[in-house]
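Here is the structure we will look at, set down as structure tokens.
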Amino acid sequence: MKKLFAIVAILGMFTFGATQVMAQDAPAADVQTEAVVDSAAAVEEPAEAVEEAPAAVEEVQTEGFHKALKTKFIEGDAAFMSLVAIAMVIGLAFCIERIIYLSLAQVNTKKLMEAIAAALKNKDIEKAKEVCRNTAGPVASICYQGLLRADEGLDVVERSIVSYGGVKAGELEKGCSWITLFIAMAPSLGFLGTVIGMVMAFDQIQAAGDISPTVVAGGMKVALITTIYGIVVALVLQVFYNFILGKIESINADMGDSSIVLLDLLTKYNVNK
């Protein structure tokens with residue numbers, strides 16, 4: 001339930017940011033309309049237009065990258081661009097949730113095993129169990145499950161560790177399938193927008209009865225913009241996904257190493273006898 005609440009909260013945060021962007025872009029459209037009117041008036045005064053041209057070029061060059069990004073987003077087809085944006089927001093929400101969960105699951109394995117070894121050296125299994133209970137993460141949980149079966153023999157301990165380790169490994173990978181889904185969906189939505197844009201371009205050619213750059217420019221622009229944004233979203237999610245996989249592999253390695261160390265400690269100090 002807590003994970004679901006975190007995902008909803010992150011999704012709401014991104015949605016609020018998107019609405020703020022759209023709110024900021026609405027006045028920008030009015031400014032562009034006024035700029036067109038001013039440019040029409042400037043045609044009547046060529047001398048002043050020539051003097052103001054360098055200043056206008058300099059102002060365009062000073063625009064930030066995010067401003068150009070928002071402009072291109074608005075110029076794309078609203079239906080497909082919004083779908084790509086939703087895929088990015090939800091995919092990032094799952095990525096952030098996994099990163100937070102995996103970061104909290106990682107512990108200092110060396111320090112944990114040293115504390116368990118100190119307790120087992122004195123044949124104090126309860127103390128070792130207490131150390132595991134007070135430590136978060138799957139590594140401590142696996143060690144605790146092994147210690148619960150310490151008096152039943154090393155074979156039972158090993159089977160318990162292997163079984164519980166499989167459960168914990170599945171919990172680490174929970175939600176990753178959704179991330180891969182949005183990684184695949186984002187470019188697919190972009191390509192779908194490309195096809196729709198091409199159809200729009202051919203419809204405009206058919207309506208005009210002539211092939212000219214002016215006629216097909218609109219449809220082609222929508223096609224290219226949706227494709228670019230779909231690929232960019234997929235690349236961003238892929239980077240986060242690979243980072244998550246790296247954390248999962250690290251935790252799985254820690255679980256395997258700690259289970260071997262625990263079996264060695266139980267054998268060394270003859271705790272099961």
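As the structure is a computational prediction, the values presented were derived from the model and not from experiment.
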Quiz item: Glu152 and Val157: side chain to side chain contact (heavy atoms under 4.5 Å, CB included), yes or no, with the steps?
Solution: CA-CA 7 Å; Glu152 299 179 15; Val157 172; over 6 Å; no
Practice problem: Walk me through it: do Leu92 and Val236 pass the test side chain to side chain contact (heavy atoms under 4.5 Å, CB included)? | Solution: CA-CA 9 Å; Leu92 285 177; Val236 172; 4.3 Å; yes
Quiz item: Of all heavy-atom pairs between Ala136 and Val107, which one has the smallest distance, and what is that distance?
Solution: O-CG1, 2.9 Å
Quiz prompt | Lys174/Glu171 salt bridge by N-O under 4.0 Å criterion | solution = no
Self-check item: Interatomic spacing from CG in Leu189 to OG1 in Thr226 - rounded to 0.5 Å
Solution: 9.5 Å
Quiz prompt | Side chains of Leu102 and Gln106 in contact at under 4.5 Å (non-hydrogen atoms) | solution = no
Quiz item: Under a 4.5 Å side-chain heavy-atom rule over Ile, Leu, Val, Met, Phe, Trp and Tyr, are Ile248 and Tyr101 clustered together?
Solution: yes
Quiz item: Can you name the one residue among Val232, Asn242, Ile90, Ile183 that meets side chain to side chain contact (heavy atoms under 4.5 Å, CB included) with Leu237?
Solution: Ile183
Exercise. Kindly give the heavy-atom pair with the smallest separation between Ala128 and Ala119, and that separation in Å.
Key: N-CB, 3.6 Å
Practice problem: Could you pull out the closest heavy-atom pair between Ser259 and Gly256, with the gap in Å? | Solution: OG-O, 2.7 Å
Quiz item: Can you get from Leu172 to Val139 by hopping between Ile, Leu, Val, Met, Phe, Trp and Tyr side chains that sit under 4.5 Å apart?
Solution: yes
Exercise. Determine whether Met113 and Leu262 make a side-chain contact, defined as any pair of heavy atoms from C-beta on separated by less than 4.5 Å.
Key: yes
Self-check item: Spacing of Asp257 atom CG and Lys110 atom NZ [to the nearest 0.5 Å]
Solution: 13.0 Å
Self-check item: Rounded distance [0.5 Å steps], CD1 in Ile142 versus SG in Cys132
Solution: 10.5 Å
Practice problem: Please step through side chain to side chain contact (heavy atoms under 4.5 Å, CB included) for the pair Val239 and Leu235, ending with a clear verdict. | Solution: CA-CA 6 Å; Val239 171; Leu235 290 175; 5.7 Å; no
Quiz item: When clusters are formed by joining ILVMFWY residues with side-chain heavy atoms under 4.5 Å apart, either directly or through shared neighbours, do Phe94 and Ile99 land in the same one?
Solution: yes
Quiz item: Among the clusters formed by ILVMFWY side chains lying less than 4.5 Å apart, do Leu120 and Val261 turn up in the same one?
Solution: yes
Quiz item: Within the distance-only criterion (no hydrogens, no angle test), does the side chain of Arg133 pair as donor or acceptor with the backbone N or O of Ala140 below 3.5 angstrom?
Solution: no
Self-check item: Distance-minimising heavy-atom pair for Gly165 and Met255
Solution: O-CE, 4.4 Å
Exercise. Would you give the length of the straight line joining atom OG of Ser258 to atom CG of Leu263, rounded to the nearest 0.5 angstrom?
Key: 9.5 Å
Exercise. Hey, could you give me the OH/OG1 distance between Tyr144 and Thr135, rounded to the nearest 0.5 Å?
Key: 12.5 Å
Quiz item: So, Lys111 and Glu114, do they make that salt bridge, N to O below 4.0 Å?
Solution: no
Practice problem: Provide the closest heavy-atom pair for Ala150 versus Ile125 in the form atom of the first, atom of the second, distance. | Solution: CB-CD1, 4.1 Å
Quiz prompt | Atom pair CG/NZ of Leu147 and Lys127 - distance to nearest 0.5 Å | solution = 13.0 Å
Self-check item: Shortest non-hydrogen separation from Ala186 to Val84 and the atoms involved
Solution: O-CG2, 4.4 Å
Quiz item: Is the closest side-chain heavy-atom distance between Ile161 and Glu158 below 4.5 Å?
Solution: no
Self-check item: Heavy-atom donor-acceptor pair, Ser163 side chain to Ser160 backbone, under 3.5 Å
Solution: no
Quiz item: Mind checking whether Arg159 and Val162 have side chains closer than 4.5 Å, heavy atoms only?
Solution: no
Practice problem: Consider only side-chain heavy atoms of I, L, V, M, F, W and Y, link residues closer than 4.5 Å, and tell whether Phe243 and Phe240 are in one cluster. | Solution: yes
